[in-house]
Structure formats: C-alpha cells, structure tokens
Colleague: 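This is the structure I want to talk about, given as structure tokens.
Sequence lines set the chain letters: A, B, ... in the order given, protein chains first and strands last, and positions in each chain run from 1.
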Amino acid sequence: MNKRFVILDGSSLMYRAFYALPPLTDSLGEPTNAIFGFSNMLTKLLGELNPDALVIAFDKGKKTFRTERYPEYKGTRDKTPEELLAQIPLLHEFAAAFGVSFIEKERYEADDIIGTLATKAAAAGHDVMVVTGDKDALQLVRPNLRVMLTKKGISELKAYDEEVFREEYGFEPIRLIDLKGLMGDTSDNIPGVPGVGPKTATKLLLEYGTLENVLENIEAISGKKLKERLTENRDQAVLSKELATIELQVPDMELTMDDYAIMPDHAAMKKFCDRYELKGVWKNFIKLYGESDGGLFAGMEIQEAAPVDLSYDEWEEKQAAAALAKAESVAVCGIFTGRVPFEQLSRAVVVTSPAGDTGLIALDSPAGQQLLRFFEADKPATFYELKQYYHAGIKAQSSFFDIKLADYLLHPELSKYELSNLSHQYFPGQSVPESFADEVSQAVWTAKLIAKLQPKLAAELEELGMKKLYDEIELPLVEVLAAMEQNGVYVNRKNLEEKAAEVGKKIEEIQQDIYTLAGTEFNINSPKQLGEVLFERLELPPTKKTKTGYSTNAEVLESLRYQHPIIEQILAYRMWTKLKSTYLDAIGELIHPESGRVHTSFNQTVTATGRLSSSDPNLQNIPVRTEEGKTIRALFEPGEGYDYLLSADYSQIELRLLAHMSGDESFIDAFCQNQDIHARTASEVFGVPLAEVTPTLRSRAKAVNFGIVYGISDYGLSRDLHIPKKEAASYIDSYFARYPGIRKFMDDTVAAAHETGCVTTLYGRRRELPAIKSRNFMQRSLAERMAMNTPIQGTAADIIKLAMIEAYHRLQDAGVKSRILLQVHDELVLETTEKERETVSKILKESMEQVAKLSVPLLIDIHSGKNWAEAK
DNA sequence: GATTTCACG
DNA sequence: ACGTACGTGAAATCC
C-alpha cells in the first residue's frame with residue numbers, strides 16, 4: 001500500500017530554529033530555543049501532513065566523502081555555536097520520546113541520507129515529502145517526491161513539486177546540480193566558474209541542458225570572456241557539480257516503511273518536557289496524541305467545534321447554468337497558476353446564494369463561460385483578494401465584493417489578514433481546518449466561508465459609515481492598481497548593470513581604505529563590529545547607545561565626522577552599499593526578462609492610515625534626495641512606444657488638508673494667496689516681515705510644520721533641529737499662539753479620540769486607537785500623535801486614491817496610450833508620448849486638483865523627462 | 001525572528 | 001518622570 005512518508009533534514013531545521021528564535025533557556029540556563037522551534041515545526045507538520053511514517057536525518061561529523069574529495073568543501077562555514085551544539089543531544093532524546101526514527105551516518109551528510117531514502121520510497125510509489133531549509137534538496141524533486149522549503153524563519157513553508165519548481169527556475173529539478181556546477185555556492189564554498197552567476201548559469205542551461213553539454217559546446221557560446229572562463233575552469237566546474245550532487249546510494253539504507261512509523265511514548269515525552277520546561281511542546285504533543293496513551297479515558301475526547309463541510313460537485317455546462325440561473329449572488333475562490341501579476345485562473349469553486357450549491361468549474365470550459373457571463377451581468381460576486389482575479393482577466397464590476405478589502409477597512413491595524421481569523425471572529429463555534437488535502441478542498445472551504453462572511457462585513461461597513469469609502473474609493477481602486485502592476489515600469493538594464501559594476505568597484509576601494517584606517521579587517525556591515533572598531537579600538541567618543549550596544553547610525557557618524565578620517569569613508573561605504581544591495585542588485589533581479597520592466601505590488605491592505613505600500617520591489621522609496629541617489633532614479637525610463645516619464649505631484653497636500661480640516665484662518669489665507677507656506681509660517685512664528693525671512697528661519701518653520709503634521713513634541717523637534725528642548729518648546733508655543741485654529745483642531749481631535757477610541761478621515765476611513773486609554777505614558781503619547789497624524793495622512797491617501805480612479809478612467813475615455821505606472825503617496829508617475837503629453841497633463845491636472853472641494857485650492861506640479869530623475 | 005540601519009512620502 | 005517625531009519596505013547581521 002502507498003504511504004505518506006515525511007523526511008526531515010534535522011541539521012538544517014535545527015539551525016534555522018536556532019537563529020529564528022530568541023535565546024530561550026530553561027531555568028538552569030541550558031539553551032532550548034532550537035529544540036523548541038524544531039518540536040513546534042514537527043508537531044505542526046504531523047498535524048498538517050498526517051504521515052504514516054517519518055524520519056529525521058542528521059549530519060554526522062565534519063568529515064564526509066565530499067571533504068575527502070575537496071578539503072575546502074564547506075570550509076568557510078563558521079563553527080557551530082556552543083549553544084546549538086548543546087541542544088543536539090536533546091534532539092536525540094526528544095526524537096526517542098516522540099517515537100520518531102533518527103538517522104545519521106559517518107562520512108555522509110543529512111542530504112545524502114534523505115536523498116537515498118526519499119528516492120527509494122518515491123520509486124516504490126509512496127508519497128514522499130522532504131522538509132528542509134536547504135535549497136539544494138530541490139534537486140530531489142520528482143514524481144511522488146515533493147520538497148518543502150522553509151521560507152523565512154521556520155513557520156512558513158513552501159512545497160515544491162515538479163511544476164512549481166519549473167515555474168520558478170525554468171528547468172528540471174535535477175539540473176540544479178548543473179547550475180551549482182556553473183555558479184558555485186559561497187555558503188558551501190563550492191567554487192563553480194568564476195564570473196558566472198545565477199543569470200549566466202541559467203541562460204547556459206536553458207540553451208545546452210547540462211553542464212557537460214555546455215562544456216562540449218564552449219566554442220559556440222557567445223562572449224569572449226565567458227568562453228575563456230569556461231575553458232579555464234572546466235575541471236573546477238565538473239568538481240563543483242559533483243560536490244553539489246546529493247548521493248542517492250548511501251549504503252545500508254534498506255527501506256522498510258514500518259521501521260519509520262511513529263510510536264509516541266507519552267511518559268517519556270512528559271518527562272522530557274517537564275525537565276526542559278517546554279510547556280508548549282507538551283501542549284502540541286497532546287493535541288496530536290491526547291493526554292495519555294492508554295488507561296480509562298483514552299480516546300474519549302470531547303467534540304466541541306462544529307465540523308467543516310467540504311462537499312462540492314464538479315460542474316459541467318448544464319449544472320453550472322442551472323445553479324447560476326437561480327443564484328442571486330455567488331462567492332468565488334479561484335485556483336491560479338503563474339506568477340503575479342500574470343497569473344491565470346484555471347479553476348474556481350463557486351458557492352451560490354441563497355441555495356448554497358457548491359461547484360468546481362474549469363474556467364476554459366462551457367461552464368467557465370457561464371460563470372464569466374454571470375460576472376459580466378454585474379451580479380453580486382464575493383472574492384478574497386479581488387486584484388488577482390483582475391490580473392487573471394476578470395473584468396471589473398461594481399457589485400463585486402472583496403472580503404479582504406472590507407476586513408482591512410474594519411481593522412486597518414492588522415498586519416495580516418487571514419480567513420481563519422475571520423472565521424474565528426464571526427463564527428466562533430465553527431472549527432477551522434489546520435490543513436487541507438489539496439487546493440480544491442481549501443478553495444471549497446474559502447468559498448463557503450466568504451459567502452457567509454459577505455453580508456456580515458457589508459453590514460458592519462455600513463454601520464461604521466464606510467460604505468461610501470468602500471464603494472467609491474477602495475473597490476474601484478483595485479482595477480487601477482491591477483493595471484499599474486501589469487504595466488510595470490521600464491528599467492534600463494544595461495545602465496543598471498554598468499552602474500552596479502562601477503559601484504561595486506567603488507565599494508571595494510572604500511572597504512580597503514577603511515581596513516587601512518582601522519588597522520584591521522572587520523565586517524563593516526555589522527554595527528556590532530563597527531562599534532567595536534570605532535569606540536574601542538580607535539577610542540572615538542560614543543554619543544548614543546542602542547539596547548544592544550553602541551549606535552553607529554548616520555547621525556552619530558555625522559557628529560564624529562571631523563574626528564577621524566575613517567568616518568567619512570564609513571558614511572560613503574554605507575551609502576554605496578545601500579544603493580547597490582537595496583536598489584541596483586535587488587531591482588536588477590526583478591526585471592522581467594522579456595519586457596525589461598519591473599512589476600511591483602501595490603498593497604492595498606497594509607498601512608494603518610490608508611496609504612498604499614509597494615513591495616517586491618518597493619518603488620516608493622527610490623532615492624531622490626542626494627545626487628548619487630538620483631542616478632538610481634535615472635534608470636527608470638519610458639518603455640518602448642513611449643517618449644517621456646511624467647510625474648504629477650501634489651504640492652503640500654498634507655498642510656493644505658491641515659488648513660482645511662482645522663479651518664485656521666491664517667493658514668487658509670496663506671494657501672488661498674498661494675504663498676510659500678514655510679516662509680509665511682516663519683514670518684508669523686518668528687515675528688519678522690515676510691521679505692526678511694532668511695533660509696534658516698524658513699527651514700526651521702518647515703520643520704515645525706512637519707512636526708505639527710506628525711503630532712508634535714518638543715523632544716522630537718529639538719532633535720530634528722539640533723536645538724535645546726526649551727527652544728523647541730517655545731517655537732511650538734508661538735506656533736499655536738499664532739495659529740489658534742490648528743491648536744483647537746489638534747486638541748479636539750485628541751479629545752474625540754479619547755472619547756470614541758478612534759479617529760476618522762474626511763472620507764470616513766477609521767482607525768481605532770485603543771492605546772489612547774493606556775496608563776503608560778509612552779503608549780498613550782504615541783496614540784495621541786497617531787490621532788493627530790492619521791486624519792491628515794489618511795485624508796491625503798483618500799484623495800490621491802480618488803484622483804487615481806478619476807485619472808485612470810479619463811485616460812481610457814480619451815483613448816490615449818499614456819498610462820499610470822506608479823503612485824508614491826502624493827505623486828503619480830505615468831509614461832506618455834510626445835503627442836499625448838499636453839492632453840495627459842491636462843487630464844491629470846483636472847483629475848487631481850478638482851477631485852476634492854476644499855477651503856483651499858489643491859495644486860499639482862507636473863514635470864516630464866527622459867527618465868524619472870529628469871521628471872522633477 | 002529581532003535588531004539596526006536607511007531609502008521614501 | 002517618562003525619552004518619540006507619522007507612515008512604510010528591505011538588507012544585513014546575529015552565532
């Protein structure tokens with residue numbers, strides 16, 4: 001009979017757990033964090049996968065057949081920390097109590113044991129799952145054999161089968177060894193071919209299939225340098241491939257599945273958990289196996305939660321038509337293939353209301369056509385994360401409902417929106433499956449759940465006055481964001497690569513200078529090591545501390561600038577490494593190979609204030625403030641068929657909103673006369689005529705204006721302006737004396753927040769601030785500053801969202817090809833043509849300036865150029 | 001995973 | 001007395 005067999009890479013998972021968790025110990029001071037993390041992972045896996053057999057493989061000793069072949073193998077690894085080593089015997093003890101087999105073998109790594117067991121079991125037809133943090137194991141993926149990789153930390157896992165692997169890498173799993181042969185692996189100290197990285201290696205493999213074939217066809221490969229390198233490092237490449245290959249024939253590994261069955265020993269486990277004070281581990285254990293393994297009450301568990309109904313039908317054309325015909329609304333959970341923002345909708349589970357019929361539909365079938373017609377008739381349909389359906393080609397409709405968006409508006413503070421939480425919240429008696437047999441049953445559960453959630457969330461939005469916000473801003477914005485993500489923005493790859501090489505050289509030079517000046521080599525990126533060099537070795541005066549040691553941030557370094565020549569170099573090093581790693585390297589990797597464009601994600605459910613955020617890559621923090629930084633911005637260009645990037649940004653939107661919302665006469669007057677607001681503030685606060693405001697005074701007034709928007713404190717202002725706290729306080733005093741309307745607005749807002757526990761924007765967006773009732777000064781003050789800032793920041797976010805929707809449709813109606821690419825909080829970036837530039841500028845000006853009628857004008861600045869840096 | 005640093009509005 | 005400006009995302013280190 002076929003069984004489900006799980007194999008854990010004990011070494012890799014322990015290592016992960018050790019670094020993922022804080023240094024927990026028992027009361028005797030013995031470290032237990034790795035064992036704690038590992039056991040949590042094990043119980044979670046057992047619950048989710050429910051395997052028939054499980055084994056833990058472990059490395060044994062440093063010497064392996066690989067080090068015999070190549071002594072430098074893994075030679076750059078730091079030695080394992082003592083605290084981790086100490087936990088290995090505990091793992092043995094733990095495995096024994098859990099009744100899980102444990103295998104290690106002289107001369108072999110855990111990988112080889114895993115490879116041998118896994119491939120044998122898969123060949124015998126068992127369903128095999130390998131769990132590890134080591135990407136190398138992906139080479140094992142084949143029919144019946146999947147690999148689960150820890151993503152970040154230890155809690156998130158990603159399962160790779162052949163399809164998932166191919167999707168990500170573009171070639172067959174086993175070719176991973178050829179990839180390593182070519183590019184090497186720094187962490188294992190596998191050399192590879194110098195100068196060949198992941199990009200080149202993948203390209204070669206896609207063309208030639210294997211390393212051997214690449215080496216046989218060196219002559220045909222383009223690029224003189226590359227040819228030379230391949231020829232010179234032939235043997236090294238072959239050796240590298242050999243080192244990267246997992247051994248599948250480890251001797252004496254006869255497989256009998258029964259040997260690996262799990263036989264929990266309750267008494268031993270209890271003793272183990274008591275001894276090392278691992279309460280949570282015991283809890284997880286009894287969740288799986290019950291309180292005891294025998295005796296009177298065995299098996300007598302009380303059922304409390306309602307069982308989950310995962311039934312559904314497979315719908316062909318007729319059933320779909322019948323069910324949809326009598327449906328007033330549907331809830332949909334799709335199954336997607338492909339990657340954002342180009343995913344495809346292959347199948348969908350549909351739940352109809354009020355009948356509650358549940359069907360699985362293939363989108364490319366007649367039944368799928370029925371479903372699309374249902375959507376196009378603008379009948380109510382509920383989704384979770386509507387944006388991905390738009391990516392998959394579903395056309396926007398006004399009666400769609402997105403559960404995630406609604407949940408976000410109701411709880412904008414949450415960092416994660418998960419359906420299981422919503423289920424617990426709205427249906428507390430309903431149990432939530434810990435895992436699903438397959439994606440279809442997960443989709444069935446999701447569709448049934450969101451069908452029931454929709455009326456509840458809709459009612460709650462209505463009740464809290466956010467229906468309009470939802471209908472007129474958030475929902476229509478989804479289509480705009482989906483379009484922007486699909487558009488992407490063109491990045492000049494050639495310039496980017498040149499710049500990266502140039503900056504790389506500069507970094508190396510600076511690094512050498514720093515080592516010379518310090519008289520020692522150290523990791524400049526490590527604040528800890530840098531602190532030691534600066535404040536101990538070079539005996540510079542430390543000015544600030546963090547909770548773990550010396551602070552070495554830019555402010556501290558700036559204050560030491562003239563005390564030692566090394567400081568200048570460190571500041572330069574920081575700047576260039578930041579530009580290279582965060583921008584040049586990271587964005588380079590995310591350029592879509594065909595279009596040459598970068599497709600960021602605009603997240604609509606992240607910020608507590610209502611702003612968007614951008615990730616993978618974040619295109620809302622591209623440098624602009626320094627000359628060096630602007631060279632990064634200059635890499636963003638109009639794509640093929642376009643002539644200019646055009647940037648339209650609101651002028652002083654937050655201060656204008658402050659004027660409007662506070663009703664302060666003087667502030668409103670300043671904007672109505674289109675005066676320089678910071679200069680006018682300086683003149684009024686410091687009591688000098690407008691004509692006599694110096695740049696210094698103006699910049700101080702500017703800082704005060706910013707401070708007001710953030711929820712001012714004398715401490716923060718004094719820090720920002722490098723002036724005594726007393727002086728900062730007097731600035732704030734005269735500011736409020738001069739602008740009584742603003743003071744009143746701030747006071748009223750905070751008072752209302754104390755009363756209601758929440759603040760709102762002009763468009764009704766809510767943010768709850770429970771901490772405002774805190775008796776802790778720090779927490780309460782923070783909540784008060786949020787109360788002052790959120791209505792302003794949030795209203796600005798509402799307004800630009802409205803403007804985006806307006807501009808998007810007006811551009812479409814005008815029939816221009818110019819399109820919105822990016823939003824950076826108060827700025828929209830478009831690509832346009834010579835011919836359309838005037839029209840587009842006009843559309844933007846009207847859309848953005850006329851979108852809200854305030855007691856002060858809203859103004860935008862528009863600039864265009866051959867790249868983003870020029871469009872300023 | 002937590003911490004530090006730094007890029008943006 | 002308390003010791004932070006508001007809102008984000010990403011890279012690197014830690015041992």
Side-chain angles (χ1 to χ4, degrees), chain A residues 15-23 31 33-34 37 77-85 152-156 412 523-531 546-557 571 574-575 577-583 585-587 600-601 603 606-626 629 632-633 649-650 653-654 703-704 706-721 725 728 767 776-782 784-794 796-797 800 823-827:
Chain A
Y15 206 79
R16 279 294 174 119
F18 179 75
Y19 284 115
L21 295 171
N33 61 337
R77 288 273 173 101
D78 290 343
K79 62 171 187 290
T80 315
E82 199 48 51
E83 290 83 355
L84 177 53
L85 283 175
K152 50 182 174 185
I154 49 169
S155 47
E156 259 184 76
N523 186 343
I524 310 166
N525 289 319
S526 163
K528 186 167 174 272
Q529 294 182 36
L530 179 61
T546 66
K547 62 177 100 172
T548 53
Y550 307 110
S551 173
T552 65
N553 67 22
E555 199 198 333
V556 172
L557 295 179
L571 284 165
R574 280 255 175 95
M575 175 181 75
T577 51
K578 174 85 183 175
L579 292 183
K580 184 157 191 299
S581 65
T582 306
Y583 298 104
D585 294 349
I587 290 173
T600 183
S601 294
N603 314 304
V606 168
T607 72
T609 54
R611 276 189 176 178
L612 299 176
S613 85
S614 153
S615 57
D616 307 296
N618 182 353
L619 295 185
Q620 289 181 323
N621 71 347
I622 302 302
V624 68
R625 292 172 186 170
T626 65
I632 306 280
R633 194 162 274 232
D649 68 300
Y650 279 111
I653 188 167
E654 293 193 342
V704 181
F706 269 104
I708 295 289
V709 171
Y710 292 152
I712 195 137
S713 75
D714 49 9
Y715 184 84
L717 186 63
S718 76
R719 215 181 108 282
D720 201 47
L721 285 179
K725 207 172 78 174
R767 178 180 186 181
N776 177 315
F777 174 86
M778 274 255 287
Q779 292 175 9
R780 189 177 62 247
S781 306
L782 179 61
E784 288 174 351
R785 290 194 298 275
M786 290 172 174
M788 294 186 256
N789 173 261
T790 299
I792 300 169
Q793 191 184 119
I800 194 164
Q823 187 253 45
V824 194
H825 310 306
D826 65 354
E827 172 190 14

Colleague: Considering only the C1' atoms, how many Å lie between C:dG3 and B:dC8, rounded to the nearest integer?
Modeller: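 Going atom to atom, C1' in each nucleotide, I get 26 Å.
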Colleague: Just to verify, what does A:Ser551 make a side chain to side chain contact (heavy atoms under 4.5 Å, CB included) with, not counting sequence neighbours?
Modeller: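 Testing A:Ser551 for side chain to side chain contact (heavy atoms under 4.5 Å, CB included), a comparison that skips the adjacent residues, returns A:Lys544, A:Thr546, A:Asn553, A:Val556.
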Colleague: At 4.0 Å (heavy atoms only), tell me whether A:Val624 reaches a base, stays on the sugar-phosphate, or touches nothing.
Modeller: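 Sugar-phosphate contact only.
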Colleague: The side chain of A:Asp720 is closest to which nucleotide in this list: B:dT4, B:dG9, C:dA5?
Modeller: C:dA5
Colleague: With a 4.0 Å cutoff (strictly under), does any side-chain N or O of A:Ser613 reach OP1 or OP2 of C:dG9?
Modeller: yes
Colleague: Establish whether the base of C:dA12 is bridged to the side chain of A:Asn525 by a donor-acceptor pair shorter than 3.5 Å.
Modeller: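 Side chain to base: no pair present.
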Colleague: Rounded to the nearest 0.5 Å, what separates atom CD in A:Glu827 from atom CD1 in A:Ile653?
Modeller: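 Here the rounded value is 13.0 Å.
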Colleague: Reckon A:Gly707 touches a base, only the sugar-phosphate, or nothing at all at heavy-atom distances under 4.0 Å?
Modeller: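 Answer is base: heavy atoms of A:Gly707 come under 4.0 Å of a base.
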Colleague: Within less than 4.0 Å of OP1 or OP2 of C:dG3, is there a side-chain N or O belonging to A:Ser781?
Modeller: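 No, no such contact exists.
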Colleague: Who are the salt bridge (charged side-chain N to carboxylate O under 4.0 Å, His left out) partners of A:Glu784, not counting sequence neighbours?
Modeller: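 Not a single residue meets the salt bridge (charged side-chain N to carboxylate O under 4.0 Å, His left out) criterion with A:Glu784.
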Colleague: Less than 4.0 angstrom between a side-chain N/O of A:Arg574 and OP1 or OP2 of B:dA7, yes or no?
Modeller: no
Colleague: Base, sugar-phosphate alone, or nothing: which one does A:Ile792 contact when heavy atoms must sit under 4.0 Å apart?
Modeller: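 No contact.
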Colleague: Hey, does the side-chain of A:Arg625 have a donor or acceptor N/O within less than 3.5 Å of a partner on the base of B:dG9?
Modeller: yes
Colleague: Output the single nucleotide from B:dC6, B:dC8, C:dC15 whose closest atom is nearest the side chain of A:Ala554.
Modeller: B:dC6
Colleague: Check the distance between B:dT5's P and A:Tyr550's OH and give it to me in whole angstrom.
Modeller: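 Taking atom P of B:dT5 as the reference, OH of A:Tyr550 is at 14 Å.
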Colleague: Can you see if the side chain of A:Gln529 gets near the phosphate of C:dC14 - specifically, an N or O under 4.0 Å from OP1 or OP2?
Modeller: yes
Colleague: Could you work out, with side chain to side chain contact (heavy atoms under 4.5 Å, CB included) as the rule, every residue matching A:Ser781, not counting sequence neighbours?
Modeller: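 Residues passing side chain to side chain contact (heavy atoms under 4.5 Å, CB included) with A:Ser781: A:Phe777, A:Arg785.
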Colleague: If you check the A:Met786 side chain, which of C:dG3, C:dA11, C:dG7 turns out closest?
Modeller: C:dG7
Colleague: If you measure from the P atom in B:dT3 to the same atom in C:dT4, how many Å do you get, rounded?
Modeller: 14 Å
Colleague: Testing the basics here: between A:Arg633 and A:Ile622, what is the closest heavy-atom pair and its distance to 0.1 Å?
Modeller: NH2-O, 2.8 Å
Colleague: A:Tyr710 on top of C:dC6's base, within under 5.5 Å and under 30°?
Modeller: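 The base of C:dC6 is stacked with A:Tyr710 (centres under 5.5 Å, planes under 30°).
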Colleague: With the side chain of A:Thr546 defined as its heavy atoms from C-beta on, choose the nearest nucleotide among C:dG7, B:dC8, B:dT4.
Modeller: B:dT4
Colleague: Within the pair A:Lys547 and B:dT3, is there a side-chain N or O less than 4.0 Å away from OP1 or OP2?
Modeller: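 So the side chain of A:Lys547 is within the cut-off, an N or O lying under 4.0 Å from OP1 or OP2 of B:dT3.
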Colleague: Give the rounded distance in Å between these two atoms: OH of A:Tyr715 and P of C:dA1.
Modeller: 16 Å
Colleague: Hey, does A:Asn621 reach any base, or is it just sugar-phosphate, or nothing, if we go heavy atoms under 4.0 Å?
Modeller: base
Colleague: Can you find a donor-acceptor N/O pair under 3.5 angstrom joining the side chain of A:Ser713 to the base of C:dT4?
Modeller: yes
Colleague: Please report, rounded to the nearest Å, how far the C1' atom of C:dT4 is from the CG atom of A:Asn776.
Modeller: 13 Å
Colleague: Go through C:dT4, B:dA7, C:dG7 for me and flag the one nearest to the A:Gln793 side chain.
Modeller: C:dG7
Colleague: With a 4.5 Å limit on heavy-atom distance, are the side chains of A:Tyr710 and A:Leu717 in contact?
Modeller: no
Colleague: If I take atom CD in residue A:Glu555 and atom P in nucleotide B:dC6, what distance separates them, rounded to the nearest angstrom?
Modeller: 10 Å
Colleague: Who pairs with A:Tyr650 by ring pair (Phe, Tyr, Trp, His ring centres under 6.0 Å), at least two apart in sequence or on another chain?
Modeller: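 With sequence neighbours excluded, A:Tyr650 shows a ring pair (Phe, Tyr, Trp, His ring centres under 6.0 Å) to no residue whatsoever.
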Colleague: Can you tell which of B:dG9, B:dT5, C:dC6 lies closest to the side chain of A:His825?
Modeller: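 Of B:dG9, B:dT5, C:dC6, B:dG9 is nearest to the side chain of A:His825.
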Colleague: Choosing from C:dT8, C:dA10, C:dT13, which nucleotide comes nearest the side chain of A:Asp616?
Modeller: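 The nucleotide sitting nearest to the side chain is C:dA10.
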Colleague: Return the value, rounded to whole Å, for the distance between atom CD1 of A:Ile632 and atom C1' of B:dC8.
Modeller: 13 Å
Colleague: Please report the distance, rounded to the nearest Å, between NZ in A:Lys580 and P in B:dC6.
Modeller: 19 Å
Colleague: Using a heavy-atom cut-off of 4.0 Å across all strands, would you classify A:Thr790 as base, sugar-phosphate, or nothing?
Modeller: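 It contacts nothing in the nucleic acid.
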Colleague: With a cut-off of less than 4.0 Å, is there a side-chain N or O of A:Asn523 near OP1 or OP2 of C:dT13?
Modeller: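 So the side-chain polar atoms of A:Asn523 do come within 4.0 Å of the phosphate oxygens OP1 or OP2 of C:dT13, strictly under.
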Colleague: Go through DNA chain C and write down every stem, that is, every run of at least three consecutive Watson-Crick or G-U wobble pairs with distances under 3.5 Å, as range with range.
Modeller: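 Listed by first number, the stems are B:1-9 with C:6-14.
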Colleague: C:dA12, OP1 or OP2 - any side-chain N/O from A:Thr577 closer than 4.0 Å?
Modeller: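 Indeed not, no polar side-chain atom of A:Thr577 lies that close.
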Colleague: Just checking A:Ala703: base, sugar-phosphate only, or nothing, at a heavy-atom cut-off of under 4.0 Å?
Modeller: base
Colleague: State which of C:dT8, B:dT4, B:dC8 makes the closest approach to the side chain of A:Pro623.
Modeller: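 Looking only at heavy atoms from C-beta outward on A:Pro623, the closest nucleotide is B:dC8.
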Colleague: Can you confirm whether A:Leu612 sits close enough to A:Gln620 that some side-chain heavy atom of one is under 4.5 Å from a side-chain heavy atom of the other?
Modeller: yes
Colleague: Does any part of the side chain of A:His825, heavy atoms only, come nearer than 4.5 Å to the side chain of A:Ile800, both counted from C-beta?
Modeller: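 Answer no - side chains too far apart.
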Colleague: Output the rounded distance in Å from CG (A:Leu717) to P (C:dC6).
Modeller: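 After rounding, the gap between these two atoms is 14 Å.
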Colleague: With sequence neighbours left out, what residues match A:Asp616 under side chain to side chain contact (heavy atoms under 4.5 Å, CB included)?
Modeller: none
Colleague: OH of A:Tyr583 versus C1' of C:dA11: gap in Å, rounded?
Modeller: 10 Å
Colleague: Does A:Glu654 reach a base, just sugar-phosphate, or nothing at all? Heavy atoms under 4.0 Å.
Modeller: nothing
Colleague: Do any side-chain nitrogens or oxygens of A:Arg785 fall under 4.0 Å of OP1 or OP2 in C:dC6?
Modeller: yes
